[in-house]
Amino acid sequence: MNTNDFMQFQRDAVVAGQQQLANAMRALLYKYEPDIFEIFSDAGDELFLEPLLFAYFAARDPVIKLPQILLGYLDEDMWPEETEVHADEAGRVYLPRIGYLLTEVRDRALALRWDEGSREFTLVDGDAPVPFELEEILYVPGTSIEIVRHPIPLLDDVLLESTPNASDFAVAEAQVAEHVDHIARALAMLRAEWPEYHADIEATLRQIVLFRSERLNSCASLSIHGVVLFNITDANPHDEVYFLDELAHQGGHVIFSAATVRRGDFLQIDPETPIGQLTGQVADDRSVYTVLHGAFTEYAMMQGMRRCLDGVVLLPRQAHEMLGRLAFISQKAAIDVANLATAGILTDRGRQLYEVFERSFQDMRREWPALFADYDFSSQPYNFSYELFARTHPMQATRDAAG
Amino acid sequence: MTSWNRTNAKAKAKARPSTEQMKRMETLSEDLLGQIRGGAVLKDECHPVI
């Protein structure tokens with residue numbers, strides 16, 4: 001499979017995977033909430049790919065119920081007279097595709113009433129009116145990708161139930177506004193320099209969450225499919241360079257989750273098998289499926305940053321950071337390319353993917369050997385630190401080495 | 001949920017999925033449903049440590 005064939009494979013696999021995931025949501029809704037399914041039985045895939053729908057079925061005890069999640073997918077002339085909604089601890093009621101109702105009522109079930117005559121919503125607690133203001137959804141300009149403004153309890157619950165690392169997770173509400181343009185510029189760079197990948201991001205990505213945590217890394221999950229979460233806690237600059245890296249990376253997880261919905265097509269062993277059991281490096285407890293995800297996202301980050309370094313005019317500091325990030329992920333890819341070469345992991349289909357990643361990696365090593373020879377990342381933590389990189393590889397020296 | 005009944009009626013809702021939808025649902029594997037419902041694998045440690 002050459003690179004063009006791979007991009008076509010990816011496109012086709014993403015489209016098919018998104019359909020399969022939407023059908024999975026249809027099946028779950030039909031099985032567990034048939035009354036709600038009846039209402040939406042003719043709806044298109046966009047509704048069934050709503051991230052909170054995935055979260056609803058993933059959470060043990062979803063605090064936000066389906067009518068609240070799906071109200072925004074009904075045409076206005078179909079809005080019901082009353083919908084049960086939940087005001088969170090900050091008094092906010094989140095309605096996908098509509099916005100946030102801001103109230104002074106904390107952690108309480110409320111009723112959202114729709115008056116067909118006046119075409120107005122009212123919010124009531126029992127029979128007592130609850131004043132509210134509507135705060136609209138924030139989108140990345142020119143896209144349908146939402147940047148989450150405030151915590152959404154159902155997303156928080158899925159994270160907390162999934163990993164103890166989420167115990168200090170907090171949506172970075174105060175930083176959202178300052179990063180909208182950074183995210184828009186990062187997407188614009190990808191669109192200009194790697195349009196095929198950008199198209200797959202646009203086809204799969206629904207929400208971006210900026211958050212703070214000392215323990216939880218940036219991430220994505222099939223349980224909240226369509227959402228990427230970016231950790232902006234550390235001392236990195238967090239401009240378009242950071243967001244390009246993260247969009248290629250976490251957006252890559254969303255894309256690859258869709259493309260590999262049928263994991264057995266790509267792996268000939270249990271996808272949850274720890275890679276360390278196969279390579280002898282027992283400290284590496286990542287599952288083989290996670291490593292395959294890792295290899296794809298390493299490929300995506302390498303391609304994305306290399307293309308942008310070649311094609312985009314960046315400030316010297318930004319180019320220095322992007323070079324550091326590219327070298328960092330290239331060295332990590334060297335390890336995973338070797339990991340996945342272990343016999344008996346991949347099917348023929350998986351092997352075809354691996355060969356694309358491996359060839360891309362070998363091209364990088366041949367065409368840009370300095371990335372592997374001139375940078376020492378042994379003092380770097382799991383996540384790239386530009387502050388540390390700038391100290392160990394000052395800008396002028398790096399420029400000289402890069403030629 | 002009762003307040004959604006009016007919508008229910010207005011939607012001329014079907015009692016069951018269409019034949020085509022049923023076919024599509026049948027193609028779903030239990031593995032996929034399991035991945036979504038219980039999988040919750042966060043890709044927050046997907047790369048090796050150098």
Side-chain angles (χ1 to χ4, degrees), chain A residues 20-21 23-24 26-28 30 35-39 41-42 54 57-58 67 74 78-84 111 158-159 161-163 165 216-223 225 250 253 261-264 284 286-287 289-291 293-294 297-298 328-329 331-332 335-336 339 377-378 380 382, chain B:
Chain A
Q20 286 169 334
L21 289 165
N23 285 340
R26 278 190 179 88
L28 287 171
Y30 176 60
D35 291 344
I36 302 283
F37 179 82
E38 279 183 16
I39 299 169
S41 60
D42 288 335
F54 285 76
F57 285 110
L74 283 172
M78 297 269 293
W79 279 347
E81 289 167 355
E82 187 165 305
T83 301
E84 180 190 338
V158 171
L159 289 173
E161 289 169 12
S162 304
T163 170
N165 289 346
L216 182 68
N217 294 319
S218 295
C219 57
S221 169
L222 192 61
S223 297
H225 183 60
Q250 307 308 331
H253 283 311
V261 158
R262 296 179 187 277
R263 297 186 295 180
D284 192 347
R286 295 174 298 151
S287 74
Y289 183 62
T290 294
V291 175
H293 255 267
T297 57
E298 286 152 8
F328 185 61
I329 205 60
Q331 292 193 16
K332 289 195 173 215
I335 299 169
D336 278 337
N339 278 333
F377 293 113
S378 57
Q380 283 271 349
Y382 174 79
Chain B
M1 201 65 65
T2 53
S3 63
W4 275 53
N5 284 349
R6 191 181 65 95
T7 297
N8 229 338
K10 283 177 68 173
K12 298 177 188 170
K14 294 174 182 172
R16 59 179 61 85
S18 66
T19 306
E20 189 184 339
Q21 283 173 328
M22 286 298 288
K23 273 186 193 164
R24 281 187 294 180
M25 287 177 192
E26 284 167 8
T27 66
L28 296 169
S29 69
E30 286 302 313
D31 175 56
L32 176 54
L33 299 183
Q35 280 182 64
I36 295 164
R37 300 202 71 191
V41 180
L42 293 160
K43 305 298 178 193
D44 71 336
E45 292 279 358
C46 57
H47 304 304
V49 175
I50 294 174

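Scope of the values below: all heavy atoms of this structure, side chains included, with no hydrogens, waters or symmetry mates. Proteins come first, then strands; the chains are lettered A, B, ... in the order of their sequence lines, and each starts at number 1. Since the structure is predicted, the reported quantities are computational estimates derived from the model, not experimental observations.
- Considering CG of D44(B) and OG1 of T290(A), their distance stands at 9.5 Å, rounded to 0.5 Å.
- Between chain B and the residues E298(A), H225(A), Q331(A), Q380(A), the most heavy-atom pairs under 4.5 angstrom are made by E298(A).
- The nearest pair of heavy atoms linking C46(B) to H253(A) is SG-NE2, 3.3 Å.
- With values rounded to the nearest 0.5 angstrom, D336(A) atom CG is found 8.0 Å from H47(B) atom NE2.
- Nearest heavy atoms, V49(B) versus I335(A): O-CD1, 4.1 Å.
- Using a 4.5 Å cut-off between heavy atoms, N165(A) contacts chain B through its side chain alone, with no backbone atom that close.
- Listed by chain and residue number, F377(A), F384(A) satisfy the ring-ring contact (aromatic ring centres under 6.0 Å, His included) test with F328(A) (two or more places apart in sequence, or in another chain).
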